[in-house]
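Per chain, numbering begins at 1; letters A, B, ... match sequence-line order.
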Amino acid sequence: MKLKFIPIDYDYFDFEGRNYAKITGRDDKGKRICVIDSCEIYLWAILKEDLSQKKIEAIIKKISKIKLDIKGRQTKVEKVEFHDKNFLSHPVKALKIYATNYKDLHDIADKLGMKEIVKRRGYDLGFTTHYIIEKQLNPMEWYEISGELLNDSNKYGGIDKSIDVDICLELEGIKKIDKFEFTPKVLAYDIETDELQIGKGEILMVSLVSSDGFKKVISWKKSQESGQKQDYVEYVKNEPELIEAFVKYVKKISPDFLIGYFSDGFDMPYLKLRADHNKIKLSLGLDDSQPRISRGIMTSSKIKGIVHIDILKFIKTAYSQYMQSETLSLNDVANEFLGKSKKPFKHKHSSKLNGKDWAEYYEYNLHDSILTLGLFEKILPDLLEFTRIIKDPVFDVSRNGMSKNVESYILHKLGEFNEIPEKQANDKDIAERRSKERYEGGFVLEPKPGLYENIVMFDFTSSYGSVIVTYNLSKSTLLEKPSENAYTIKIKDKEVYFSKKPGFVPEILKDILEKRRKYKKELKSAKEQEETIKRARSNAFKLLANAYYGYLGFFGARYYSYEAAAATAAFARKAIKDVIRMIEKAEYDVIYSDTDSIAFARGKKNESEIETFLISLNSNLPGIMELELEGFFKRGIWVTKRSGIFGAKKKYALIDKKGNLRIRGFETVRRDWCNLARETQNKVIKYILEDGNEEKALKYVKNIIWKLKKREITKEELIIRSQLRKSLSEYKAISPHVIAARRMKEKKIPIGQGNLIEYYIAETREKKKLVREGVKLPEEPGEYDIKYYLEKQILPAVENIFQVFNINIMEIIEGKKQTTLGDF
DNA sequence: GGATAGCTGTTACC
DNA sequence: ACCGGTAACAGCTATCC
């Protein structure tokens, strides 16, 4: 039979010693399809150079005879072929050694210890990746497939009976077809519990919200007094019934995606532990299997046939660097992405909740799932496009770090270069790479502190990516010896050389950059219905390009190259310094530069003259290096460091013609300063940049300080937030936020690594020696410490800004203080 | 016992 | 452990006299 098919989830099973891929997805009518397929299984043995034909034939014969007996399973090498391949850009002679089961490849590799074989590769990709590469049945793309219907057959041990799908097919033919819309069925869920520690408390309720309008809260805790029952609430008798009802509804709705927020780390393991505790099965899988909770630092929960997605993970890797939110809590993220907040609800132990509280609790619980679903729908185009580009299953793409995504992208492209894949780093490699000395990174020009007018900002488009492509930097293009025909650069007093013959790693990046440029351009002229997808595509390639350099220097990377990473930074330093020189030569006043950007005053030149200047600059740049105009700014300020007279790097503020501020590095943008200090500084910067003088700003600060001294500032404005970045016991230095965290622990408030700790500094009876002596939690009563907030928050935040106008704000304020309070 | 250099720790920039 | 280096700064800690 024939049908249109979109693969969503990939799994595999063993039958009679062989591996079979089991792919679930949908057809164009929305029916759930399961496809069974197999592919050739093999690894590569790279041969020593200059082996005679006879020798090679002898080795092939020898390898063909390899038999294995592993845990009672007897298998053998099925066949051996000779191929001309490339490995790390070098032509090699290699043997393709076929086996029956992917798991056997490792053991076969262990038996290839003969001296004629120099390297064994390609047996560590994982079956699913291997399968996708072999069969080109890529996730989230449409195919017309043909095959034999397995419904009610006993083939593969009657697999179709054990799995809840409409059609089960043994795959025969695959034809890619033009993409058309796919709207997945999505179900978001969220649980509420008494204890935050996983499995320790009971699950009080669970909410479910689907993309087709289903809304439900299941609870066994009744709100006795609440008059009108919320129609979406369904009561059950107890916790086990709650879990069973949850499973029942998931099965009934049968979504393609089951979505949670931090559900890998909380909801799903909690459900699993409580199911175990109640001795019931959490059989969510299409084959009734339970979720597989992976152990380790990064836990994940996998359900067979349904893609469980923890959107927090994808948001972290794909968006967080461009986000404004100070935390990645559901509330902050929903606010930024959807403009919606969580429902207000004050958490209490369930024994202390009354009828009305419960009604609010249900509402709160339901709303979390609504927000989670909303967020998922927002990120779905990006996630799907990412999946199509990376070609890993959406389950993995949603959890991978960017480095892993880069690697998968490369692995799926190796075929185009006839390349044998490099192996994964082992523990020894990792230890060695991590012990390497850090190399020099970006160049930062020390600014001359001051207020500047008419500022231009240029920056390199995809700076490091362009460097890698321009100078062909990678593991495989690194040369051992100097060569006339090589790109040469010094890293740490040592010269390194890179071949000019394009290597596949830079070539793949070149293609990524070209695609990025193409899709960005297409986006500008895209029709409305195509806009989302084009934006997603352009965005995905941008992220891939940006992560490529990090990948080269990441110790876990297959194509790790310390030299290539260090050379990338070195060539980029050279490039920006050359540009600084060129701009200075054209008699502009260069103010500041950081890594790939440069700010200078345009003086008497107008904007169009600057644009012409940019074109002339670009004509002098090597390879694909290109500068672009980041923006014109009306005014900008650079300050000194807190100590000394040197210009502070990574701290500046600009204002454009429309009055938009761009603030970098200042306390305003740092979440570990109290709101009052941040807002005061923000206003000061705004007034100064708007008017070009300090009068209004000074007046404003004086007023704030007056209010502070009169205790007219609310405590909320004075709360300091700082993250617990490790477990409480690991801290050597006991800073204020550690004290606050310890106090929270004493009060049985659950805290741990990653929590944002809030506190304020209160007055103490005795004069304090250390700041931490005044630490109080927000809910603890106390008077805020005026002296602390004045001297350690407000004044430091504005001091350097007024210094630009030769105003010593400390003297003005403290001087006043001495005359008024100077009686002791 | 007070001053301070240096370290620990967090957060930002690119 | 799950991308790199550069930088500012606060507050604690060790060490000095």
Side-chain angles (χ1 to χ4, degrees), chain A residues 296-298 300 313 316-317 321-322 326 396 399-407 424-425 427 430-431 433-434 436-447 459-460 462-464 543-557 560-562 564-566 568-570 572-573 576 592-598 630 639-644 646-652 662-673 677 720-726 730-739 756-757 761 768-775 788 791-793 796-797 800:
Chain A
I297 299 159
M298 292 287 178
S300 66
K313 282 195 175 149
K316 245 186 216 165
T317 51
Q321 65 177 127
Y322 304 103
E326 279 173 19
D396 302 275
R399 286 169 176 79
N400 286 347
M402 277 314 294
S403 169
K404 189 82 209 319
N405 282 334
V406 168
E407 184 154 287
Q424 247 169 11
D427 290 350
I430 289 175
R433 293 171 183 187
R434 297 197 75 190
K436 282 227 176 209
E437 228 179 310
R438 287 171 63 157
Y439 59 83
E440 197 181 332
F443 167 74
V444 190
L445 179 74
E446 190 198 312
D459 63 9
F460 279 109
S462 306
S463 159
Y464 279 22
L543 284 172
L544 263 188
N546 287 350
Y548 222 86
Y549 156 73
Y551 174 78
L552 293 183
F554 167 49
F555 52 79
Y560 169 85
S561 172
Y562 177 88
T568 305
R573 283 196 301 275
I576 195 74
Y592 180 61
S593 167
D594 186 350
T595 312
D596 62 351
S597 71
I598 180 161
E630 171 66 31
V639 299
T640 62
K641 293 208 276 181
R642 193 86 79 225
S643 57
F646 300 108
K649 298 169 176 178
K650 299 187 187 288
K651 271 180 104 166
Y652 61 90
R662 176 210 282 250
I663 300 179
R664 294 287 124 95
F666 275 110
E667 284 73 9
T668 301
V669 298
R670 291 182 63 94
R671 69 170 183 191
D672 56 349
W673 281 67
I720 297 163
R721 295 172 184 86
S722 192
Q723 198 187 10
L724 257 200
R725 296 182 46 118
K726 39 192 186 182
E730 283 176 85
Y731 281 92
K732 284 183 200 157
I734 310 306
S735 47
H737 84 295
V738 175
I739 290 291
L756 201 60
I757 307 296
I761 302 301
K768 41 183 172 278
K769 288 194 191 76
L770 297 172
V771 174
R772 68 179 179 210
E773 289 163 23
V775 166
Y788 173 82
E791 290 175 4
K792 298 290 178 182
Q793 294 276 327
N800 295 335

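- The residue Gly556(A) sits apart from the nucleic acid: no heavy atom pair falls under 4.0 Å.
- Proximity note for Pro796(A) (side chain, C-beta onward) versus dT11(B), dA10(C), dC12(C): the nearest is dA10(C).
- If you check every strand for non-hydrogen atoms under 4.0 Å, Tyr560(A) touches nothing.
- Atom NZ of Lys313(A) has more than 12 neighbouring heavy atoms from other residues, nucleotides or ligands inside a 6.0 Å radius.
- Listed nucleotides dC2(C), dC14(B), dA10(C) differ in distance to Asp596(A); the shortest reach to its side chain belongs to dC14(B).
- Among the atoms of the strands shown, only primed sugar atoms or phosphate atoms (P, OP1, OP2) are found under 4.0 Å from some heavy atom of Tyr731(A).
- Contact annotation: Arg664(A) reaches the phosphate of dC14(B) (side-chain N/O to OP1 or OP2, under 4.0 Å).
- Put simply, Tyr652(A) has a side-chain N or O that comes within less than 4.0 Å of OP1 or OP2 on dC14(B).
- For the OP1/OP2 pair of dT13(C) and a distance below 4.0 Å, the side-chain nitrogens and oxygens of Arg772(A) include at least one atom meeting the criterion.
- Classification of Lys649(A) and Asp594(A) as a salt-bridged pair fails, no side-chain N sitting under 4.0 Å from a carboxylate O.
- Listed pair Lys649(A) / dA12(B) fails the phosphate criterion, with no side-chain N or O lying under 4.0 Å from OP1 or OP2.
- Considering only the side chain of Lys732(A), dT8(B) comes nearest among dA12(B), dC12(C), dT8(B).
- Expressed to the nearest 0.5 Å, how far CE of Met402(A) lies from CG of Asn546(A) amounts to 8.0 Å.
- Using a 4.0 Å heavy-atom criterion, one finds that Gly550(A) contacts the bases of the nucleic acid, with or without backbone contacts as well.
- Straight-line distance from the CG atom of Asp427(A) to the P atom of dA1(C): 10 Å, rounded to whole Å.
- Of the side-chain N and O atoms in His737(A), one or more sit less than 4.0 angstrom from OP1 or OP2 of dT10(B).
- In the displayed structure, Lys768(A) atom NZ is contacted under 6.0 Å by more than 12 heavy atoms of other residues, nucleotides or ligands.
- Closest to the side chain of Arg671(A), from the set dG11(C), dT11(B), dC9(C), is dT11(B).
- Computed from coordinates, the Trp673(A) CH2 to dA8(C) C1' distance equals 10 Å when rounded to whole Å.
- Among the atoms of the strands shown, base atoms are found under 4.0 Å from some heavy atom of Arg725(A).
- Minimum atom distance to the side chain of Glu440(A) is reached by dT6(C), of the listed dT10(B), dC14(B), dT6(C).
- Each of dG5(C), dT13(C), dT11(B) was ranked by its minimum atom distance to the side chain of Lys650(A); first place goes to dG5(C).
- Among dT8(B), dT10(B), dC13(B), the nucleotide with an atom closest to any side-chain atom of Asp594(A) is dC13(B).
- Taking 4.0 angstrom as the limit, Tyr562(A) places none of its side-chain polar atoms (N or O) nearer than this to OP1 or OP2 of dG5(C).
- For Lys404(A) and dC3(C), the shortest distance from a side-chain N or O to OP1 or OP2 is not below 4.0 Å.
- Between the side chain of Arg670(A) and the base of dT10(B) there is at least one donor-acceptor pair of N/O atoms closer than 3.5 Å.
- Under the 4.0 Å criterion applied to side-chain N and carboxylate O atoms, Glu730(A) and Arg725(A) are not assigned as salt-bridge partners.
- Residues Gln321(A) and Val771(A) both approach DNA chain C. Their nearest nucleotides, taken by heavy-atom distance, put Gln321(A) toward the 5′ side.
- Using a 4.0 Å heavy-atom cutoff across all strands shown, Phe443(A) reaches no nucleic acid atom at all.
- OP1 or OP2 of dA8(C) sits under 4.0 Å from a side-chain N or O of Lys641(A).
- Considering only the side chain of Lys792(A), dG11(C) comes nearest among dA12(B), dT6(C), dG11(C).
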